[in-house]
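What follows is a short report on a single structure.
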Amino acid sequence: METGEKYHAIKVDTEKCMGCTHCMKTCPTEAIRIREGVANINPDRCVDCGNCLRVCPVDAFYMDHDALDQLQNYKYRVALFSSVMIGQFPEAYSEGSIYEALLKLGFTHIFEVEQPIQLLIDSIREQVDAAESKPLISSFCPAIVRLIRYRYPSLIDNLVLVNAPHDLAAAYALQLLTKEGARREEIGIFYISPCSAKMAAVKRPLGEKESIVDGLINMNDLYSQIMKVISKKEEQDTSCCRDQLTHDGIVWSLPRGEARHFKRKSMAVDGIHNVVKILERMENDDIPELDFLELKSCHQGCAGGILLTGNRFLTVERLQKRAKRYPVTKDCPITNCNVQDLKDKLKINPIQPDYVFALDSDRMKALEKLQKVERILCQLPGIDCAACGAPNCHALAEDMVQGKAKMSDCIFLQNRYLNENKITLARATKNLEKAWGKNRFDADCNKRGGRNEGF
C-alpha cells in the first residue's frame, strides 16, 4: 500500500517554462495550473502519464533518474528493460549487439522484464476466473492504476492484483544470482524505464511496501549511451540471457499484448484520453460484457512511452517481426527458478481509493459545493479559454469553491466588472499577473507560441 508523501517522477524547470497552457490542457486529471507564468503540478492529482512532457514546446518538464556511475556500487549489476527498448533500434543492430553494448556500459547481467511471462498470464487468468465483478482491469500501466485510484475509485475493486513485469523479472534475477552465490547487498538491480509512470511506480509502488529495484535509468538517455558503443557485428553469444523470452513476452506491452489471452471476452484501449472515455462508460455500465480490459496510457502501448527515442509505429513493427522468431509461452517451460516463490511475489495487497476529486470529505458539504459550482458555471462564459490559468471553466469553478480562485480571475467577468466600476484597473492587472506573471504581456518578438513553436 502506498504510504507517506506521494512521489512524482515529473518535475518542472521553472527557468524554461513559459506558461503556454499546452500541458494544462492535455492533462487528463486537470492537475496543472498556471501561476505567475509557470506550470504548477498538483501532486494529489498527477498520475505521471507524461502527457505534459510530450506536448511541452520548450522541454520544461524533466525526470530525476540515476546515472550509470551508480553501477560501480555493486559487484553484480543487473539491467532490467522492456522489450520495447530493443524495438526502437534500427534493424541494422541485432538484439545481440544491443546486449553486448549494455555489457560494455558496465552491466554484468541482462534481463528483459517479460520473462518468465507465463507466471503473470496464469495469475491474471486465475483472478479473472474467480472474479465476481467483471471486467477485471489490467494493472500493467501504473498511470492507469493511479487514474482509477484518484478519478474512478468505484472501479478500484476491478483491478487485477498482480505485480508489474519488472517486479517479476527483478525477483527472477535475484533468484538466479543468489543461486550463483551472490549476496543481496552485492546485487544492484537497475530498471531502464520507458516512461515516467513506471519510474513513479518503482519509487512509490501501490499494493506493496517497496520495490526490490535499486535504481532507475532513463531509457532515452541510455539509448544515446548505447549508440556510442554499439557494434553491428556480434562478438559474443548472449542468447543465454534470453532463454526464457517468448513471443507472448515480446508483445506483452503492445496493444492487445495482454487482452489477446482472453480472446473475444476482452478489449484493449490505448491512449489515456481514450481510456478516460472507456472508464466513464464503465462507471455507467455502458460497455459490452467482458472478462478483461487492457488499458494503457500511451498510444501503441509502451512503444509510445515518452522515454523512447524511436518512432512508436516502427517500434511495434520491429517487435512483431522479432516475436515471430520466438516460441509461444506454452512451448517454453520455466526453468532454473523457484516457481512458487515467484508466484507468491506476484501477489499484491488490495489498492485503496484516494478521493482527490471529491470537493469535500463530508458528503453534505461536498454536495453543497457541487451546487455552488453549478451556480458559478452559470456566470462563466463556458468557452474554456484557459486565460484564467485553469484548463477550463469547470476547473476554475471548482478552484473557486475550494478558495483557490476568484470570479474576477475570469478575464471576461473581469472586463464586465471593469465596465461596471466594480474593480479598478490596477486590481484587474494584478489578477492577470497572478496567473501569468509580471511583464508577460509586454511586446517581445522572441516569444514562442503558435506558428513559431517549432523553431
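The shown structure was predicted, so the numbers you read here are calculated from the model rather than taken from an experiment. The first residue of the sequence shown is numbered 1, and numbering continues consecutively from there.
Shown here is K75, whose NZ atom has no more than 12 heavy atoms of other residues, nucleotides or ligands within 6.0 Å.
No donor-acceptor pair under 3.5 Å is formed between the side chain of E100 and the backbone N or O of S231. Counting only distance, with no hydrogens or angles, the side chain of R35 and the backbone of A435 share no donor-acceptor pair below 3.5 Å. In terms of modelled atom types and a separation under 3.5 Å, the side chain of H65 and the main chain of M219 share no donor-acceptor contact. Under the 3.5 Å distance criterion, the side-chain polar atoms of E114 are left unmatched by any main-chain donor or acceptor of P165. Listed for the R33 side chain is a donor-acceptor partner under 3.5 Å among the backbone atoms of E30. Under a 3.5 Å cut-off, the side chain of S97 and the backbone N or O of S94 do form a donor-acceptor pair. Judged by distance alone, with hydrogens and angles left aside, the side-chain atoms of K104 form a donor-acceptor pair with the main-chain N or O of V229 at under 3.5 Å.
Contact check on R281 versus E283 returns no salt bridge, with no Lys/Arg side-chain nitrogen under 4.0 Å from an Asp/Glu carboxylate oxygen. Salt-bridge formation is detected for the pair R151/E280: a Lys NZ or Arg NE/NH1/NH2 atom is positioned less than 4.0 Å from an Asp or Glu carboxylate oxygen. Looking at D214 and R184, a side-chain N of the basic residue comes within less than 4.0 Å of a carboxylate O on the acidic one, giving a salt bridge. A salt bridge is absent between D270 and K296: the closest approach of a Lys/Arg side-chain nitrogen to an acidic carboxylate oxygen does not fall below 4.0 angstrom.
Screening I250, L168, L245, D248 for a side chain to side chain contact (heavy atoms under 4.5 Å, CB included) involving Q115 leaves a single residue, L245.
A cation-pi arrangement is absent between R45 and Y150, since the terminal nitrogen or guanidinium carbon is not both under 6.0 Å from the aromatic centre and inside a 45° cone about the axis.
The minimum heavy-atom distance linking I192 with A79 is given by the pair CD1-CB, 4.0 Å. Summarising the geometry of Y74 relative to E185, their closest heavy-atom pair is CD2-O, 3.9 Å, with the distance given to 0.1 Å. Across C49 and S196, no two heavy atoms sit closer than the pair C-OG, 4.1 Å. The heavy-atom pair separating P43 from K6 by the smallest distance is O-CD, 3.7 Å.
Remark: R54 pairs with no residue by the salt bridge (charged side-chain N to carboxylate O under 4.0 Å, His left out) rule, at least two apart or across chains.
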Inset, instruction - In sequence, state the C-alpha distance, the side-chain angles, and the governing distance for Y223 and F89, and then conclude on ring pair (Phe, Tyr, Trp, His ring centres under 6.0 Å). - result: CA-CA 8 Å; Y223 178 90; F89 284 87; 4.6 Å; yes

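In this structure, H166 and Y191 have parallel ring planes: the angle between them is below the 30° cut-off, well short of the 60° mark.
There is a side-chain donor-acceptor pair under 3.5 Å between D344 and Q340.
The ring of H247 has its center no closer than 6.0 angstrom to the ring center of W252. Two rings, from F81 and F111, have their centers 6.0 Å or more apart.
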